[in-house]
Every structure is written in structure tokens, then in C-alpha cells.
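Here the structure comes first, spelled out in C-alpha cells, and everything after it is commentary.
A, B, ... follow the sequence lines: proteins, then strands. Residue 1 opens every chain.
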Protein chains: 2
Amino acid sequence: MGEDHDHAQERPAAGLFPAARHDHRACVAGLLDHADELCRDQGLRLTPNRRVVLECLLADHKPLSAYDIAERIDWQGRRGGPVQVYRALRFFEDLGLVHRIESLNAFVACTHPVDGDGARHGAQFLVCTDCGRVAEASDPALRRDIGRMARQAGFQVQDPVIEIKGLCPDCGGRR
Amino acid sequence: MGEDHDHAQERPAAGLFPAARHDHRACVAGLLDHADELCRDQGLRLTPNRRVVLECLLADHKPLSAYDIAERIDWQGRRGGPVQVYRALRFFEDLGLVHRIESLNAFVACTHPVDGDGARHGAQFLVCTDCGRVAEASDPALRRDIGRMARQAGFQVQDPVIEIKGLCPDCGGRR
DNA sequence: ATAGTTTTTGTTATAACATAACACAACGAA
DNA sequence: TTCGTTGTGTTATGTTATAACAAAAACTAT
Ligand SMILES: [Zn+2]
Ligand SMILES: [Zn+2]
Ligand SMILES: [Zn+2]
Ligand SMILES: [Zn+2]
């Protein structure tokens, strides 16, 4: 699992795409620690099943379908399948540690769960149609604008789904 | 098909939800005419199969899954199924007359194809989680904001998916 | 009209995504 | 220990979407 990119101490993501070569080992370790902590705080259990699903999503910062995940996991004797994966995904979604990308029927691990303080934090996703990576942004101005637009329409916002497909900087965005 | 709401001459939609009681007969007729015209202009054929799918979507301004549509249609002798529906939906999506709502796995007829000039026009959707209706908005400020956010991230936008779930004015948005 | 081309349709099969239901195991508190 | 809760294994099924290919219909050009 994972690619061979463990290097300097650039931040994993600054509202942008994960740097091509960041210290991914530390990146994963940090996010797993955060998950651990979050679970402990809330009296929830980060079981082996759950942990392995999260590790799988963290492996390369790319969105995976539940079936992708089920295939990649080494179930070590027990028979595992989509059911187990969906259960774990639901668990992490509720914690704000995993986000579903509707337009891909796929899931990504949250790259900055700091804001998340345990609840769903409405984020925006930049989805590269070329390399498949997804960046998680959290733009306050954009959020405000959506609020304004909804208010004008007399609409009470519950859950904004913002998924912008296009080309990431590496794949042609800079040009 | 359709509900019993044919009344005064309020606009069908002003970037908002269709008025509870608008002249729906005229509303449908107008949109079908527009589809006709658009097809003629582009040398495309609005076949009976396609027309019946569009009519089905227009019937009550609510999103329907392809399978919903396949069930509702009276196939008049010919046998019809999801395959036919998906084909028609693809046809209309390419014309900008139907939009897919990713977060619902469903489709809606475009309520203001005027802007559409035959191509995909990036719109924003307000999805009521209570009554299920969907409003199509086209907010320039919001679009600009998305452009700005993407530019800051070095990201080249191709196709923004904006689907805001919440409560429509009728279902509690005004309160 | 006729033959050739393209487009649309009918049909079957299958892929891909997601949840229901229920028995059993593991855990945590009394 | 016992009981109630939470997580897991397992099977089955529901829902959404596309592939593949033959037949029909519509256009085009002679
Ligand atoms: Zn990393
Ligand atoms: Zn890319
Ligand atoms: Zn109407
Ligand atoms: Zn409503």
C-alpha cells in the first residue's frame, strides 16, 4: 500500500492538493493519531476493521469506491466485503474523517480534520479529471456566497455539495 | 401524468422553485416547443421515445431516477426499459435540457433552457430534502467565487457540481 | 426507386453501487 | 456472571448504469 513518496516536511495540504512529495508516512501517522484521539474523546472504538479502511483511504490521497477498498484490503482470514467497508465509511463520515464524493460514487479521507471538531464540516472538493486526485478546500467566501444565494431563494441550507471537476495544477491547471 | 395545477400567469420559475400553482400546461408546452426548436436548429431528432422521457420529467418538476421514468412511461406497444431512458437522458443532457443531480442519482428537466443556447450551462441546484423538489439557480457571483477559489488553487475548472440540500420556502425555509 | 450510410431502437446480459436482515461474537457495565 | 449494547460475518437482494449486437428506421446520393 502507498506510494514511495516520503520526503521533506512540506505541509500535506494547505487547502490545496497534497504536494507531490510530502512526508507521507508522517502524514498518515498524524491523521491516524487524530482519528484515534477523536474516537477516544467520543467514547467510540477505532476497531481493526475500521482502521484498515481508513488506512486504505489514506494510502494515496485518492478517492476510492467502497468496492475498490474491499478489494485492496487484506482481510487476514476473516472474509470481508462491501458491507464491512460501507459500515466503516459511515462511521468515519459521521466523525467527519471521510467524505463522500457524490459525483464519483467514491470516498476520500479528510485531509484537514482539524476544522472538523468531530462534526461534519462543509467542504468543497476539487476533483482532477486527469490524475483522479481530490483536494479539499474550505473557502469561507464561497460558503458565504452560497448562504446568500440560498437566503435570496428563501432556502434553508442543510448540506451543500460542492464538487468542482477540472484539472489540478500538476495536470495542466497552471499551463 | 402531471398534477392539477394550471392557473394564473406567474412565471414558472425565476431562478427559484416553480410556483406552487403556475400555468403548468403552458409551462410544459413552452419547454417542449423549445426542445423542438433546439433540435431542429441542430439537425437532431426529437423522436417519440425521447419526447416521452422529457414529458415525464416535465410532468411535475421533480427529479426522477432513470428507473422511475422507465416505470412511469406508457411504452405503447413497444417494450421500453432503462436502456432507452438512459439514452434519451444522455441526449437531453448534451443539449442542456436535462440535468443530472449527482447527490440523488436522478434527473430534472431544465427549467430555464433560455441561457442554455444548446450547450451545457453550469447551474446550481437547491434540493429540498422534504418535498423533493429541485430549483435551478444561475448565480453569477457564486460562479465567480468558484472561479476565484479554483484559480487560487491553480485549478482549471471544467464542470462545477453545486447541489445544495436543505428546505425550500414551502417546507420551512422561510419559517 | 435503389443501394449504401448513419442513426435510433430493441433486446439481453452484466457491471457497479448500496442496503436489509439476522445470527453470532466481543465488549462494557452492573 | 449476567445483561444490554455495539460490532461483525454472512447471505441475499435492491438499485443504478452500461456493454454488445442485431434489427429497424431515417437520411443521402445516385
Ligand atoms: Zn500524505
Ligand atoms: Zn491531476
Ligand atoms: Zn410547470
Ligand atoms: Zn420542499
When the side chains of residues 101-109 of chain A are checked against the rest of the protein, which donor-acceptor pairs come out under 3.5 Å, sequence neighbours left out?
unit_1   : atom_1 : unit_2   : atom_2 : d
A/Glu102 : OE1    : A/Arg100 : NE     : 3.1
A/Ser103 : OG     : A/Glu163 : OE1    : 2.7
A/Asn105 : OD1    : A/Arg100 : NH2    : 3.1

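- Note on residues 70-97 of chain A: no pairs pass ring pair (Phe, Tyr, Trp, His ring centres under 6.0 Å), not counting sequence neighbours.
- Atom CG of B/Asn49 and atom C1' of D/dA25 are 12 Å apart (whole Å).
- Two different hydrophobic clusters hold A/Phe125 and B/Met149 under the rule that ILVMFWY side chains link at heavy-atom gaps under 4.5 Å.
- Counting heavy atoms from C-beta on, the side chains of A/Gln156 and B/Cys171 never come closer than 4.5 Å.
- Rounded to an integer number of Å, the gap from CD of B/Gln84 to C1' of C/dT8 is 10 Å.
- Atom pair A/Arg50:CZ and C/dC27:P shows a separation of 13 Å (rounding to whole Å applied).
- Using a 4.0 Å cut-off between charged nitrogen and carboxylate oxygen, B/Asp60 and B/Arg133 do not count as a salt-bridge pair.
- D/dT6 atom P lies 14 Å from atom CG of A/Asp94, rounded to whole Å.
- Look at B/Arg45 and you won't find any side-chain N or O under 4.0 angstrom from OP1 or OP2 of C/dT7.
- Separating the CG atom of A/Leu64 from the P atom of C/dA16 is a distance of 15 Å, rounded to the nearest angstrom.
- When the P atom of C/dT9 is taken as reference, atom CG of B/Leu89 falls 13 Å away, rounded to whole Å.
- If you take CZ of B/Arg51 and P of C/dT9, they are 14 Å apart, rounded to a whole angstrom.
- Here the P atom of nucleotide C/dA26 and the CG atom of A/Leu46 are 19 Å apart, to the nearest Å.
- B/Tyr67 and B/Val83 are members of different hydrophobic clusters when ILVMFWY side chains are connected at heavy-atom separations under 4.5 Å.
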Between N or O atoms, less than 3.5 Å apart, protein on one side and nucleotides 14-20 of chain D on the other: list the pairs.
unit_1 : atom_1 : unit_2   : atom_2 : d
D/dA17 : OP1    : B/Arg100 : NH1    : 2.8
D/dA17 : OP1    : B/Arg100 : NH2    : 2.6
D/dA17 : OP2    : B/Tyr86  : OH     : 2.7
D/dA17 : O5'    : B/Tyr86  : OH     : 3.1
D/dA17 : N7     : B/Tyr67  : OH     : 2.7
D/dA17 : N6     : B/Tyr67  : OH     : 3.3

